[in-house]
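Computed from a prediction, not measured in an experiment: that's the story for all the values here.
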Amino acid sequence: NIIFVNHHYCHASNTFLFSNFDESLVIVQDAKGSKINHKINIYEKFKNLSLLDFLNPKKKLKFAEGLSVYKANRNPFKLELIFTKKVSSTRTSGPKNVDILYSFARKFCSFGQFGAGKVMGLSSYGRYHPPKYFDLNLLDINDLDFEFSKFYKKNIKIISKKLIKFKTPKVFSSIEEITNSDEAKMASEAQHLLEQFMMKFSIKLKEKYKKFKYLCLSGGSALNLSANRKVYDLGIFKEVFIAPSSDDSGIALGAAIHGYYEILKQNTDRIDFFASYLGKDYNFDSNEISILGDNIKFSDDRLLEKCIEVLTDEKVIGICKGRSENGPRSLGNRSILALPNKVSQKNKVNLFKNREWWRPFSPVCIEEDLENYFDLKLKNPYMLFTTIALDITKKLCPAIVHFDGTARVQSINIKQNVFIYSLLKKLKDKGLPPILLNTSFNRAGEPIVESPLDAYNCFKVSPIDFLIIGNRFFSK
């Protein structure tokens with residue numbers, strides 16, 4: 001049998017399984033999910049469409065999932081839809097949601113289809129100006145049965161005429177230019193809109209479903225670290241969890257989870273492994289790898305020593321070890337690492353990445369020292385909550401501190417990643433902060449490297465100084 005599982009249901013099952021909560025509420029929000037029947041009511045549970053219905057061009061489904069909330073239970077594994085806000089299934093008419101308005105900011109800045117993260121980074125530069133593009137006073141959520149259409153229609157009239165102005169992304173040459181730009185103002189207002197909406201909606205949700213102590217977030221908007229932190233800081237939920245593949249990269253996994261746990265009724269014990277490293281398991285000792293370029297195979301201890309030697313010499317290393325990450329964040333197995341002790345280190349990595357100079361780079365820090373360098377009291381293994389860098393971090397690690405003093409830190413322990421954790425511990429043993437600049441191992445416009453051959457080919461044509469594949473240390 002072929003079973004069609006709704007888009008938002010896949011998001012919800014993915015994030016809830018890896019949360020290890022016994023029960024929780026799950027908010028799923030993105031621009032548009034699966035098409036749904038136009039007769040759906042606010043609290044009505046809709047049945048899954050058949051695959052034939054979904055593919056049938058004569059089956060006109062005017063609406064799609066826009067915002068969904070589920071009640072989730074682990075034993076037995078069950079998700080129950082308790083709330084939904086539909087959006088139009090077309091781009092031209094019908095109801096829209098906050099993610100659609102956020103996407104207008106992305107278009108306004110000419111950041112392309114996958115530029116939402118750039119909007120978040122740019123928003124920090126525009127927060128010193130009064131609102132220009134959005135009338136935020138119209139965003140009023142008195143209860144869960146709120147009406148978003150009036151807010152959308154009012155604001156779309158303000159900004160739609162501006163979208164055709166820019167054909168290519170603007171190149172900023174200075175802080176002053178960027179802070180005074182229309183792009184930064186637009187990004188700032190869109191970010192504020194998303195944050196305010198998520199906070200207000202979470203509060204109203206908690207008021208209605210008081211017994212739930214835990215919250216999961218999923219969908220594309222759950223990659224917005226700043227909004228996630230705002231929801232967490234409300235303090236109305238004991239814990240807030242976001243899966244590493246909360247965007248559409250986790251949809252297939254969500255469908256598999258539904259089949260395994262709900263259809264096949266398999267045991268739903270807690271997950272005891274790191275949810276990110278789900279890629280293919282490569283043989284890093286194969287002859288094909290050993291003959292790639294100039295390399296030496298080291299023992300674990302010697303490899304760590306060699307990495308510390310070149311990192312403290314302010315060199316940049318590419319890492320390809322273990323299984324690749326599940327989701328859009330590189331969390332140590334397909335990463336580029338550098339010492340964050342100077343702003344010039346950020347510039348050096350930017351040369352390879354060909355990124356805009358104003359975008360932030362993320363730090364990775366050992367879990368037990370997290371509070372010594374960042375204003376964050378929760379674990380952040382998947383890099384999905386932003387935080388404030390403490391003064392000591394701004395002084396000693398300027399390459400990973402954003403313009404507004406924030407950092408997108410990843411916390412790590414020895415169970416998650418022995419190699420990265422050990423590397424950070426050795427930095428600490430040398431009297432340095434146990435922090436490294438960590439960014440995805442890819443060039444601009446390319447996917448993150450997957451196989452050892454991908455990593456080597458990328459290394460050959462880049463200014464990266466050294467490469468690690470398994471326990472092999474490559475130089476040029």
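The shortest distance between side-chain heavy atoms of I317 and I336 does not fall below 4.5 Å. Two residues are said to be in side-chain contact when any heavy atoms from C-beta on lie closer than 4.5 Å; L396 and N341 fail this criterion. At a threshold of 4.5 Å between non-hydrogen side-chain atoms, the residues S330 and I448 count as touching. Side-chain atoms of L384 and F241, non-hydrogen and from C-beta on, never get closer than 4.5 Å to each other. Side-chain contact between L436 and L423: present, with at least one pair of heavy atoms (C-beta onward) separated by less than 4.5 Å. Counting heavy atoms from C-beta on, the side chains of S286 and I289 come closer than 4.5 Å. Contact annotation: the side chain of Y102 approaches that of Q191 to within less than 4.5 Å [non-hydrogen atoms, C-beta and beyond]. Side-chain contact between T393 and L390 is present, with at least one heavy-atom pair separated by less than 4.5 Å.
Minimum heavy-atom separation, I469 to P452: CD1-O, 3.6 Å. Among all heavy-atom pairs drawn from S202 and I236, the shortest one is O-CD1, 3.6 Å. The heavy-atom pair separating F18 from L278 by the smallest distance is CZ-CD1, 4.3 Å. Pairing each heavy atom of S124 with each of D404, the nearest pair is OG-OD2, 2.8 Å. Scanning both residues, V240 and F385, for their nearest heavy atoms gives O-CZ, 3.5 Å. Contact between V26 and A72 at its shortest, heavy atoms only, is CG2-CB, 4.0 Å.
Partners of E367 by salt bridge (charged side-chain N to carboxylate O under 4.0 Å, His left out), not counting sequence neighbours, listed by chain and number: K379. K346 is linked by a side chain to side chain contact (heavy atoms under 4.5 Å, CB included) to N350, F361, A399, counting only residues two or more places apart in sequence or in another chain. Here T312 pairs with I308, L427, K430, L432 under the side chain to side chain contact (heavy atoms under 4.5 Å, CB included) rule; sequence neighbours left out. In this structure, K348 has no salt bridge (charged side-chain N to carboxylate O under 4.0 Å, His left out) partners at least two apart in sequence or on a different chain. Applying the side-chain hydrogen bond (donor to acceptor under 3.5 Å, both in side chains) rule to K415 yields no partners; only residues at least two apart in sequence or on another chain are considered. Taking the side-chain hydrogen bond (donor to acceptor under 3.5 Å, both in side chains) definition, one finds that S249 meets it with D247, sequence neighbours left out. Listed by chain and number, the residues in a side-chain hydrogen bond (donor to acceptor under 3.5 Å, both in side chains) with N14 are S245 (sequence neighbours excluded). Residues meeting the side-chain hydrogen bond (donor to acceptor under 3.5 Å, both in side chains) test with N347, sequence neighbours left out: none. For E305, the salt bridge (charged side-chain N to carboxylate O under 4.0 Å, His left out) partners are R302, not counting sequence neighbours. Take E177 and apply the salt bridge (charged side-chain N to carboxylate O under 4.0 Å, His left out) test, not counting sequence neighbours, and it matches no residue. Legend: residues meeting side chain to side chain contact (heavy atoms under 4.5 Å, CB included) with K377, ordered by chain and number and at least two apart, are E371.
For R74 and E23, the salt-bridge test fails: no basic side-chain N is under 4.0 Å from an acidic carboxylate O. Using a 4.0 Å cut-off between charged nitrogen and carboxylate oxygen, D369 and K428 count as a salt-bridge pair. The residues D429 and K425 are annotated as not salt-bridged, no charged nitrogen and carboxylate oxygen being separated by less than 4.0 angstrom.
Exactly one residue among N354, V461, V449 makes a side chain to side chain contact (heavy atoms under 4.5 Å, CB included) with R443. That residue is V461. None of H8, H7, Q29 except one satisfies the side chain to side chain donor-acceptor pair (under 3.5 Å) rule with S68; the exception is H8. Residue P363 is tested with V401, N438, I435 for a side chain to side chain contact (heavy atoms under 4.5 Å, CB included); the sole match is I435. Just one residue in the list K353, E446, R329 forms a side chain to side chain donor-acceptor pair (under 3.5 Å) with S440, and that residue is K353.
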Decide yes or no on salt bridge (Lys or Arg N to Asp or Glu O under 4.0 Å) for R334 and E325, but give the supporting numbers first. CA-CA 7 Å; R334 300 293 186 276; E325 292 86 344; 5.4 Å; no

For salt bridge (Lys or Arg N to Asp or Glu O under 4.0 Å), just list the numbers for D285 and K297, CA-CA rounded to whole Å, side-chain angles, deciding distance to a tenth of an Å, and then say yes or no. CA-CA 9 Å; D285 291 322; K297 185 176 181 181; 2.8 Å; yes

Which is it for L25 and Y214 under the side chain to side chain contact (heavy atoms under 4.5 Å, CB included) test, yes or no, and what are the steps along the way? CA-CA 7 Å; L25 294 171; Y214 300 94; over 6 Å; no

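Taking the centre of each ring, F466 and F474 stay at or above the 6.0 Å mark. Residues F172 and Y125 place their aromatic rings such that the two centres sit no closer than 6.0 Å. Ring centers of Y70 and Y9: under 6.0 Å apart, within the cut-off.
Residue pairs meeting the ring-ring contact (aromatic ring centres under 6.0 Å, His included) criterion with at least one member in residues 407-446: none, sequence neighbours excluded.
Ring pair F197/F201 is parallel by interplanar angle, where below 30° counts as parallel and above 60° as perpendicular.
The 12-atom threshold is not exceeded at CD of E176, counting heavy atoms of other residues, nucleotides or ligands nearer than 6.0 Å. For K78, the NZ atom sits in a loose shell: 12 or fewer heavy atoms of surrounding residues, nucleotides or ligands are nearer than 6.0 Å. Heavy atoms from other residues, nucleotides or ligands lying under 6.0 Å from NZ of K476 number more than 12.
Side chain to side chain, N417 and N333 meet the donor-acceptor criterion of an N or O pair below 3.5 Å. Checked by atom type, the side-chain pair D300/N471 shows a donor-acceptor distance below 3.5 Å.
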